[in-house]
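This report concerns only the one structure given below.
Computation of the quantities below employed the complete heavy-atom set of this structure, encompassing side-chain atoms and omitting hydrogens, waters and symmetry-equivalent molecules. Since this is a predicted model, take the numbers as computed values, not measurements.
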Amino acid sequence: MHHEHPVKILRYSIKNLWLLIFPLLRSVQLFPFSPQALIDWFVGAWFDILIFLLILGFAILRWYCCRFEYSKEQICYESGVLACHRICIPCDRITTATETDSYLLRPLKIMHLKADTRISELPVSEISLLLRKKDLEQMRQVIPILHPTDRPHKPHRPGVLLTLLFSLLFSSSLTGTVYIIAFFFQAGAIARDLFEELHVRQTFDEINDAAIRTFHAIPSVIVTICVFLAACWLLSFAANLLHYGRFRSHAGTDFLSVHMGILTRRRTHLRPMAVNYVIFKQNLVMKMFGVSSLHLSCPGYGNGRQSLPVLIPVVTKKSTSLPLSALMPEISDKEPPRKICGKILAAWNFVWQPVTLIGVILGVLLLTAEILPDMEHLIFSLAVIALIPAVWLLLIRLVSIPAEYVGYNKKQIQLHYSKGFSFYTIAAPLHHVIGVKICKTPLSAKDDVCNMYIALSGPRRRTHRILGISLHQAEELCTFLEEHR
């Protein structure tokens, strides 16, 4: 049996380390240092020190009682002081194995290994270990998924420009805002002190004042909002660059491997048989230039709050990406015939949301301008900011009318649709379709138009909505699925 790295003791006790503040505050009495000051400090702080030693002792005991062992067949992990819990994961059931080399732990030669199944009905289907680097290297020689050797396909390494393009297209002000909120919630007063120490607030105020002087015709509130959103976007862009920099992926006979990260480096090994479906994702600009991003739906991959299940960040028409058969052995590389298409008569099914949103914004603008004429300039600027994403969504929905379709054969199914501000192409084996729902309204039923919801198997069962298609074609798909499952 093996133990994790002793630094895991710190992780076990970190939640209670705030109790140290009491003896640390009393240590001020030691300056200037003298034996009497040390005695006085100990008399006042002995109870706090005892609590700290109990916390540290329990963490050491908990670390000592956590052990693991591994072989070619399985990985087992034992934990618990009074009640022992034992988890065993067969190696041939591991869907993903992720090695994380954090920049904080790299000087100590510590690696984090996470093995995941997510196909078990048990509440715990993963093992997370904090290992010495030499222990992980020994595990690589034994556990098959950690040392893929046969690599018939050439590794894919996107260039620097493609990585910049991916970070540019997938960065958003909303993501940057979430990062800032999470930082303040987790760091609290330390975050505020750090912002003050680095003069971040002062720099932001100077940029904001300069922007207000430049765009003096625009209300200062609007300029401040735009500067804040731009700063959040830049934060998201920098985070994406650090997360997906040095990206490369390659497919072997039995496993897929993905490497990424500049500061924190991650290496993920996946089992192709565990891939539920492949996702080609685009926004409107990417669709215009024939560029997409290749993602995977695989248990345990890309499920974190700060990661996407990306296999290839940017795929162009000229670049040679991995064939679909290398990602999912059950399907062929040839696209199935197009059998279900969107109908022009169903245009309202596509555009009703953005058209309604634009109408509401214009209505609110006219109403508030009538009630508050003194704030007409500010209200108009806010309405323009709100109209930009609404008009952009309307353009996406208009493009989606001819681009929304479904193709299928006896082996696989492909879905082409839009959701939100993105376009998706989903390729999956036919037996991964777990449900089809057809929805029609009294107005659309007379035109033989319906909306179809297709559910695919995966760690998170999500439905994929196909809008404005023929009711007859949707019913044919349901009959086809019943015959070939």
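Defined by atom type and a distance below 3.5 Å, a donor-acceptor pair is present between the side-chain atoms of Y417 and H464. A donor atom on one side chain and an acceptor atom on the other are not found under 3.5 Å apart for S297 and H295.
Without hydrogens or angle criteria, R93 side chain to D116 main chain gives no donor-acceptor distance under 3.5 Å. Here the side chain of R62 pairs no donor or acceptor atom with the backbone of G80 at under 3.5 angstrom. A donor-acceptor distance shorter than 3.5 angstrom exists from the side chain of T95 to the backbone of T117, with no hydrogens or angles considered. No donor-acceptor pair under 3.5 Å is formed between the side chain of R465 and the backbone N or O of N451. Remark: the backbone N or O of C341 is paired with a side-chain donor or acceptor of Q473 at under 3.5 angstrom. In terms of modelled atom types and a separation under 3.5 Å, the side chain of S422 and the main chain of S418 share no donor-acceptor contact. Judged by distance alone, the side chain of T100 and the main-chain N or O of S102 form no donor-acceptor pair under 3.5 Å.
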Open item on the list: Before you tell me yes or no, could you show the steps for I75 and I143 under side chain to side chain contact (heavy atoms under 4.5 Å, CB included), namely the whole-Å CA-CA distance, both residues' side-chain angles and the distance that decides it to 0.1 Å?
Closed with: CA-CA 9 Å; I75 304 176; I143 301 175; 3.4 Å; yes
Task: side-chain hydrogen bond (donor to acceptor under 3.5 Å, both in side chains) assessment of E476 paired with Y408 - done: CA-CA 11 Å; E476 284 184 348; Y408 59 91; 4.9 Å; no
- [ ] May I have the step-by-step check of side chain to side chain contact (heavy atoms under 4.5 Å, CB included) for R267 and V258, ending in yes or no?
- [x] CA-CA 6 Å; R267 177 187 301 169; V258 180; over 6 Å; no
- [ ] Check the pair H85, S79 against side-chain hydrogen bond (donor to acceptor under 3.5 Å, both in side chains), reporting the backbone distance first and the verdict last.
- [x] CA-CA 5 Å; H85 302 275; S79 62; 6.0 Å; no
Open item on the list: Please determine whether side-chain hydrogen bond (donor to acceptor under 3.5 Å, both in side chains) holds for the pair Y277 and H432, giving the CA-CA distance in whole Å, both sets of side-chain angles, and the decisive distance to 0.1 Å.
Closed with: CA-CA 8 Å; Y277 50 87; H432 281 190; over 6 Å; no
Open item on the list: As a quick check of understanding, evaluate side-chain hydrogen bond (donor to acceptor under 3.5 Å, both in side chains) for S128 and H112, giving each step before the final call.
Closed with: CA-CA 7 Å; S128 180; H112 179 249; 2.5 Å; yes
Open item on the list: Applying side chain to side chain contact (heavy atoms under 4.5 Å, CB included) to I396 and W392, what does each step give before you reach the verdict?
Closed with: CA-CA 6 Å; I396 291 174; W392 191 255; 3.7 Å; yes
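Heavy atoms from other residues, nucleotides or ligands lying under 6.0 Å from OH of Y64 number 12 at most. Around the NZ atom of K133, the shell of radius 6.0 Å holds no more than 12 heavy atoms that belong to other residues, nucleotides or ligands.
Scanning all heavy atoms of the two residues, the minimum distance from M139 to L131 falls at SD-CD1, 3.6 Å. Residues C91 and P144 come closest through the heavy atom pair CB-CD, 4.3 Å. Taking all atoms of both residues into account, the shortest heavy-atom contact from R397 to F350 is NH1-O, 3.0 Å. For the pair V399 and F423, the tightest heavy-atom approach, listed with the atom from each and the gap, is CG1-CZ, 4.0 Å. A pairwise comparison of heavy atoms in I110 and L130 identifies CG2-CG, 3.8 Å as the closest pair. The nearest pair of heavy atoms linking N283 to M286 is OD1-N, 2.8 Å.
Between F68 and Y77, the ring centre distance reaches or exceeds 6.0 Å.
A perpendicular orientation is assigned to the rings of H259 and H269, their planes being inclined by more than 60° (bins at 30° and 60°).
A side-chain contact (heavy atoms from CB on, under 4.5 Å) with Y70 holds for exactly one of L146, I127, V142; it is V142. A side-chain hydrogen bond (donor to acceptor under 3.5 Å, both in side chains) with E99 is found for one member of R266, R265, R140 and no other, namely R140.
A salt bridge links R86 to E69: at least one charged side-chain nitrogen sits closer than 4.0 Å to a carboxylate oxygen.
A heavy-atom distance below 4.5 Å is found between the side chains of L477 and I340.
With sequence neighbours left out, the salt bridge (Lys or Arg N to Asp or Glu O under 4.0 Å) criterion links R338 to no other residue.
Geometric assessment of K339 against the ring of F480 yields a positive cation-pi assignment under the 6.0 Å and 45° thresholds.
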